[in-house]
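Single-structure report; data block below.
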Amino acid sequence: MTIHIGAEPGQIAETVLMPGDPYRAKWAAETFLEGAELVNEVRGMLGFTGTWKGHRVTIQGSGMGMPSLSIYANELIRDYGAKTLIRIGSCGAMQEKVAIRDVILAMSATSISTPSLSFFKEVNFAPTADFDLLRKAWDAAQAKGITTHTGGIYSADVFYAERPDLDEVMERHGILAVEMEAAELYTLAARFGVRALAVLTVSDHLKTHEALPSSDREKSFGDMVEIALEAAFA
Ligand SMILES: Nc1nc2c(nc(Br)n2[C@@H]2O[C@H](CO)[C@@H](O)[C@H]2O)c(=O)[nH]1
């Protein structure tokens with residue numbers, strides 16, 4: 001076990017799906033995995049390991065924000081040997097062409113700061129998804145007939161933003177959506193030589209102010225889990 005994950009050695013699979021919400025980890029494990037067992041409940045950040053079509057998979061909550069995700073991703077990679085980490089989450093759309101329920105595959109993740117900022121000093125690192133995972137996720141989403149956008153997203157530090165000028169700059173440069181975790185996940189994947197991808201469903205829209213009804217959230221979240229699993233094992 002580590003400081004923040006109570007799993008025993010070997011209880012975490014090499015492939016890890018990371019929703020922000022631990023209760024979504026529970027739902028996804030119960031819905032998609034065979035033989036799912038609870039392997040972490042430290043601080044209520046639930047993690048489960050089971051199999052999907054014979055492949056071992058762990059679904060571990062990351063919490064909200066890059067500092068939280070950074071703790072779990074570091075320990076999953078460094079202490080448990082995770083090799084593929086796929087964030088399955090939701091985001092706020094920043095472009096008119098992106099609609100509620102669409103899926104976004106984050107090719108890159110821009111940020112103002114990340115937990116790695118002090119590490120890089122003057123280097124302006126470009127956090128980027130693993131191309132093979134991205135390509136396979138795209139294929140899986142197309143096969144499901146889901147409207148999918150691939151491009152840059154913005155990983156923010158705050159949900160209640162006070163900088164509308166930032167949104168304008170991001171939108172002007174084609175940023176598709178905002179969330180709060182992917183940039184650090186991609187940075188850690190590059191640092192430790194593992195694969196990472198963020199598959200996001202659009203649950204709110206910063207331009208139209210629409211929001212995904214809670215009744216629809218489960219269906220769209222399920223599509224994301226399937227896209228992530230197919231990308232990981234295709
Ligand atoms: N900053 C930000 N985060 C968002 C937004 N919409 C969503 Br869903 N999120 C994500 O949802 C959580 C906040 O509700 C965070 O973990 C973010 O990744 C948004 O409009 N802004």
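Worth knowing before you read on, the calculation uses all heavy atoms, side chains too, and leaves out hydrogens, waters and symmetry mates. In listed order, ligands and their atoms are each counted from 1.
Protein heavy atom in closest approach to atom 10 (C) of ligand 1: S90 O, 3.7 Å. Closest to atom 2 (C) of ligand 1 among all protein heavy atoms lies F159 CD1, 3.5 Å. In terms of protein heavy atoms, atom 7 (C) of ligand 1 is closest to D204 OD1, 3.5 Å. The protein non-hydrogen atom at the shortest distance from atom 12 (C) of ligand 1 is M64 SD, 3.8 Å.
Among M66, R87, R217, E181, the residue whose heavy atom lies closest to atom 16 (O) of ligand 1 is E181.
Within the cation-pi definition used here (under 6.0 Å to the ring centroid, within 45° of the axis), R191 qualifies as a partner of F119.
Here the side chains of M1 and Y80 are in contact, with some heavy-atom distance below 4.5 Å.
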Pair K136, D132 - check salt bridge (charged side-chain N to carboxylate O under 4.0 Å, His left out), show working. CA-CA 6 Å; K136 289 173 178 171; D132 190 53; 2.9 Å; yes
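Side-chain heavy atoms closer than 4.5 Å link hydrophobic residues (I, L, V, M, F, W, Y) into clusters, and following such links, possibly through other members, connects L76 to V199.
The L206 neighbourhood of ligand 1 comprises atoms 20 (O), with distances under 4.0 Å to a heavy atom of that residue. Short contacts between ligand 1 and V158, defined as distances under 4.0 Å to a heavy atom of the residue, involve ligand atoms 1 (N). Here is the list of ligand 1 atoms found below 4.0 Å of a heavy atom in S203: 8 (Br).
Between K219 and D216 there is no salt bridge, since no side-chain nitrogen of the basic residue lies less than 4.0 Å from a carboxylate oxygen of the acidic one.
E184 and S70 share a donor-acceptor pair across their side chains, judged by distance under 3.5 Å alone.
The distance criterion of under 3.5 Å between nitrogen or oxygen atoms is met by M180 with respect to ligand 1.
The side chain to side chain contact (heavy atoms under 4.5 Å, CB included) test with L46 singles out one residue from V39, I59, L38, and that residue is L38.
Using a 4.0 Å cutoff on heavy atoms, G89 does not count as a contact of ligand 1. Ligand 1 has C91 within reach: a non-hydrogen atom of the residue lies less than 4.0 Å from it.
Connectivity analysis of hydrophobic side chains (ILVMFWY, heavy atoms under 4.5 Å, direct or indirect) links L206 to M94, I112, Y154, L166, M170, I175, V178.
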